[in-house]
There are 2 protein chains.
Amino acid sequence: MVRDTRENNRSQALLDAAAALFATQGYAATTVRDITAAAGMASGSAHYHFRTKADLLLAVYRHGVAAVATRVDARLAEAPAHPRDRIEAALVGHVEAVLDPSPYARVIVSVLPANVPELADELRAEREHYEDRWRTLIEDLEPPMNQSLLRQFLLGAANSTQLWFSDGGLTPQEIGQGLARLLPD
Amino acid sequence: MVRDTRENNRSQALLDAAAALFATQGYAATTVRDITAAAGMASGSAHYHFRTKADLLLAVYRHGVAAVATRVDARLAEAPAHPRDRIEAALVGHVEAVLDPSPYARVIVSVLPANVPELADELRAEREHYEDRWRTLIEDLEPPMNQSLLRQFLLGAANSTQLWFSDGGLTPQEIGQGLARLLPD
DNA sequence: GTCTATAAGGCGATAGAC
DNA sequence: GTCTATCGCCTTATAGAC
């Protein structure tokens, strides 16, 4: 856990502002000036906390992956032991995270690794580590189809919710449960 | 069909170069200078064919949606009448299109409408029009779940193939068929 | 730690020659 | 139609005052 010293406070304000802007505008369209202005700082001050704009994205992206992982693990902790129930719980957690008003998890959908060449490998590695738990969940299901195909389909569908979700319709929970109904028996 | 006059030839070269760059780098990270250099032109010359960079994206995006629609319709034309078979055919066509080496269709995955505010409404409208045929396909299936949820899941999963597909693994056809196996009976 | 000022260069778009 | 040259603005990142 990050201690809330005065210094971390300002780093945190930068991270929050960067996450919100990266999530809604993407990485390339967001400037360091946008971020510092949103955090109430002068543009030169960001570089004391983060050497480059890419460093800021990497930190935000890591927070985002961690936010999804934390939420999924919390759902899994209270899920029944049945493989199908566990995947449903994980799907609900994942969808909740990428639809959360807090912008960190949204960045992992709105910033595509391939579009940031200098960080692509590191961003993909962060994702991979999170996706490991999905490999296990799906192994336990013993589905009658290619397992990595099923994993990619579920994560792709779950991530896409962010592109069409609107308040007032289905809840994140209902969406996650609806996706789980596509699971093979 | 666009006639291949000398003038269209140069517009086409710009569109091809723009599509390739938007597909791999995204919109904001691609410069007009990148595009004209790839098309073998001087940077000032692009503006004779397209007034702004945004106009170029809109033209590329429309080609991309049309490319997906054409491929899906071709698959549907030779598909059996059964609703489930028709959705499988459409899924194969859609996955083939977004994995095609020709970059136009890939742009609709790598450029998110929300990340281009000045064109977001128009890009979404292009997508919507294409997605209408999916509404019909899924109505005919009479699935035991929310129909628009199923539509978004299938399209989200199909589009995501572009983010993890690698040559040498499964073919686009196998991926489309695998996705169809998740359809409810 | 944050500021102001600025270096050094890239951006989209335009003007006018050819 | 395409070129060269350039306008006016914005970019990331740095330097040095406070």
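Numbers restart at 1 for each chain; the letters A, B, ... are given by sequence-line order, proteins then strands. Not measured: the values here are computed from a predicted model. Hydrogens, waters and symmetry mates are skipped; everything else that's a heavy atom, side chains included, is used.
Nearest nucleotide to the T52(A) side chain, out of dG1(D), dA13(C), dA13(D): dA13(D). Each of dG1(C), dG12(C), dT2(D) was ranked by its minimum atom distance to the side chain of Y48(A); first place goes to dG1(C).
Shown are R106(A), R71(A), Q162(A); of these, the side-chain hydrogen bond (donor to acceptor under 3.5 Å, both in side chains) with D100(A) is made only by R71(A).
If you take CZ of F50(B) and P of dG1(D), they are 14 Å apart, rounded to a whole angstrom. In this structure, the CG atom of L57(B) is 12 Å from the P atom of dA13(C), given to the nearest Å. Taking atom CD1 of I35(B) as the reference point, atom P of dA13(C) lies 10 Å away to the nearest angstrom. The separation between K53(B) atom NZ and dT14(C) atom P is 15 Å, rounded to whole Å. Rounding to whole angstrom units, NE2 of residue H49(B) and P of dG12(C) are separated by 17 Å. The distance between atom CG of L21(A) and atom P of dT11(D), rounded to the nearest whole Å, is 12 Å. Taking atom CG of residue L56(A) and atom P of nucleotide dA13(D), one finds them 10 Å apart after rounding to whole Å.
Both L15(A) and M41(A) belong to a common hydrophobic cluster when Ile, Leu, Val, Met, Phe, Trp and Tyr are linked at side-chain heavy-atom distances under 4.5 angstrom.
Side-chain N/O atoms of R51(B) include none lying less than 4.0 angstrom from OP1 or OP2 on dA13(C).
In this structure, T30(B) reaches the sugar-phosphate backbone alone: every heavy-atom distance under 4.0 Å involves primed, P, OP1 or OP2 atoms, never a base.
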For nucleotides 3-7 of chain C, which of its nitrogen or oxygen atoms have a protein nitrogen or oxygen under 3.5 Å away, and what is each distance?
{"from": "dC3(C)", "atom 1": "OP2", "to": "A42(A)", "atom 2": "N", "distance (Å)": "2.6"}
{"from": "dC3(C)", "atom 1": "OP2", "to": "S45(A)", "atom 2": "OG", "distance (Å)": "2.7"}

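We find the NE2-CD1 distance between H94(B) and I87(B) to be 13.5 Å, quoted to the nearest 0.5 Å.
For the 3.5 Å distance criterion, the side chains of Y61(A) and R127(A) qualify, holding a donor opposite an acceptor. Using a 3.5 Å distance cut-off with no hydrogens or angles, the side chains of T161(A) and N159(A) do not pair a donor with an acceptor.
K53(A) forms a cation-pi arrangement with Y27(A), by the criterion of a distance under 6.0 Å to the ring centre and an angle within 45° of the ring axis.
Mapping H47(A) and A29(A) onto DNA chain D by nearest heavy atom places A29(A) closer to the 5' end of the strand.
Closest approach of V32(B) to A46(B), counting heavy atoms only: CG1-CB, 4.1 Å.
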